[in-house]
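What follows is one structure encoded as structure tokens, with my remarks underneath.
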Number of protein chains: 2
Amino acid sequence: MTHSEENYLKVIYHLSVVSPRGVNTNAIAGMIESKASSVTDMVKKLAEKELILYQKYQGVTLTEKGLLAAKMIVRKHRLWEVFLVEKLDFTWDEVHDVAEELEHIKSEKLINKLDAFLGFPTEDPHGDPIPNAKGEIKKIDKQLLSDLETGQKGICVGVKDSASSFLQYLDKQQIALGSKIEIIGKETFDMSLTIIVDGKEMIISNKIANNLFVKLAT
Amino acid sequence: MTHSEENYLKVIYHLSVVSPRGVNTNAIAGMIESKASSVTDMVKKLAEKELILYQKYQGVTLTEKGLLAAKMIVRKHRLWEVFLVEKLDFTWDEVHDVAEELEHIKSEKLINKLDAFLGFPTEDPHGDPIPNAKGEIKKIDKQLLSDLETGQKGICVGVKDSASSFLQYLDKQQIALGSKIEIIGKETFDMSLTIIVDGKEMIISNKIANNLFVKLAT
DNA sequence: AAATATTTTTAGTTTTGTCTAAATTTTAAT
DNA sequence: ATTAAAATTTAGACAAAACTAAAAATATTT
Ligand SMILES: [Mn+2]
Ligand SMILES: [Mn+2]
Ligand SMILES: [Mn+2]
Ligand SMILES: [Mn+2]
């Protein structure tokens, strides 16, 4: 599989979460940063290789084979992110672009040895699950902070968006994975939240709350 | 720079050692495993980018810029080889192909952090020198085992060829970097050598002796 | 020095992955 | 049910990196 084919497969995999009944050409083009016509071409090739099911005008879905291949790319991406943060002292906002390149290195032995070296981590630095060598993913019990009610408490376990500007904002506010968050107020006008993060009170916008995953604390 | 351009540059760099007055089209084609006509095309592109000097029919030489770029690729290749052996427990015959891919990852920060993580190694698992971040290379005092006289002793410090079949042969004979080698006899007919490796006597062919580097022990 | 062999370059194709512009199909709105 | 809008596909083109076959330049023999 080429570099480009792998990128398409991964994007289709991610889009499948929200569009399980078929991923659109345009959505793929948006993620890959290419044009719809280019997507049509590539999608035909992937269908030819039986990695996806493609019906003209109806969008695409991954086959079993394509799903496993996509998971293996995601596995590599996330393991490399763990390596960069844990071993090379990268910050969580610096790792994504490098991992985008590293995920294409073709060596099963490499990735399995890396996995062992890192102690078989189950989550990456952004709280996303890492598929194991068989492609199995441990379901993480989490929900968006924006879905919590006033008075509820949770522990920050992941980010939905991992744009570096967002991650750097979180660093500045001292919000990290593991932080205890309690909601003490909701503004109905703009849906902004007043929260207490590890004892410190602050106000965050709805957009922030919409991109933070928490595990509900009872 | 593309993947392919980097491979050409690296090959030209290696061939420059034996052909400092200009590397031939055919020699490059042999190493890249492509055809002379393809080399001509690529060589024009590299000259256009001022990475090499190219005169029709006269071979190519690296510019300062091209030399530094080539050294950075070699640096990455060898640091990744050290990583694979030291941290992921690969054997020295398994690392080259993976490093061929890893050497193209584009991140200065990554390679310098990797360098630090590995403790700034100066040689790779095959005894080849690793250029530092400035492109400086520590000259290693070594010579071919085949150039030693009967009675001389040395310590194995590197291999000239690093084909996995050769490396596996060395493993089988328990010859490794650091082994003490003494020449106790030379056969004039086929230039085979009788040697003592860490106390163990054995016979090796001229081809083996021609691919082993030793540091002379006084 | 001329003839021959070798090396290198040019010319013309191919494949991969992209693009623009036009045509087609599907979806949404009157 | 038409019509308008949006999404998707087709057609044709291009750049990168490879190839084969033929032409040109250089090197080697006789
Ligand atoms: Mn990422
Ligand atoms: Mn991640
Ligand atoms: Mn190598
Ligand atoms: Mn090496």
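Residue numbers begin at 1 in each chain, while the letters A, B, ... track the order of the sequences. Nothing here was measured: the structure is a model prediction, and the numbers come from that model.
The interatomic distance linking Ile32(B) (CD1) with dC19(D) (P) rounds to 10 Å, in whole Å. To the nearest angstrom, P of dC19(D) lies 11 Å from CE of Met42(B). Atom CD in Gln55(B) sits about 15 Å away from atom C1' in dT26(D), given to the nearest Å. Look at CG on Asp41(B): it is 12 Å from C1' on dT13(C), rounded to the nearest Å.
Comparing dT26(D), dT9(C), dT8(D) by their nearest atom to the side chain of Gln58(B) picks out dT26(D). Candidate nucleotides dT10(D), dA25(D), dT24(C) were compared by shortest atom distance to the side chain of Tyr57(B), and dA25(D) ranks first. Side-chain proximity of Ser38(B) to dT8(D), dC19(D), dT18(C): nearest is dC19(D).
A donor-acceptor contact under 3.5 Å is formed by the side chain of Ser37(B) with the base of dT20(D).
Environment of CE in Met191(A): sparse, with no more than 12 heavy atoms of neighbouring residues, nucleotides or ligands closer than 6.0 Å. Sparse packing is recorded around NZ of Lys215(B), with 12 or fewer heavy atoms of other residues, nucleotides or ligands lying under 6.0 Å away.
Within the structure, side-chain hydrogen bond (donor to acceptor under 3.5 Å, both in side chains) contacts touching residues 129-142 of chain A (residues at least two apart or in different chains) are Asn132(A)-Glu136(A).
The phosphate of dT9(C) has OP1 or OP2 within less than 4.0 Å of a side-chain N or O from Thr25(B). Of the side-chain N and O atoms in Asn26(A), none sit less than 4.0 angstrom from OP1 or OP2 of dA6(D). The phosphate of dT10(D) (OP1 or OP2) has a side-chain N or O of Lys44(A) nearer than 4.0 angstrom. Look at Thr40(A) and you'll find a side-chain N or O under 4.0 angstrom from OP1 or OP2 of dT9(D). Remark: Lys35(B) is in phosphate contact with dT20(D), judged by side-chain N or O atoms under 4.0 Å from OP1 or OP2.
Using cut-offs of 30° and 60° on the angle between ring planes, the pair His96(B) and His77(B) is tilted.
Under the 3.5 Å distance criterion, the side-chain polar atoms of Lys106(A) are matched with a main-chain donor or acceptor of His104(A). In this structure, Lys76(B) contributes its side chain and Ile105(B) its backbone to a donor-acceptor pair below 3.5 Å. At distances below 3.5 Å, at least one donor-acceptor pair connects side-chain atoms of Lys65(B) with backbone N or O atoms of Lys49(B).
Listed in residue order, the members of residues 3-10 of chain B having a heavy atom less than 4.0 Å from DNA chain D are Ser4(B), Tyr8(B).
Each of Gly59(B) and Glu33(A) was assigned the nucleotide of DNA chain C with the nearest heavy atom; the assignment lying further toward the 5' end belongs to Gly59(B).
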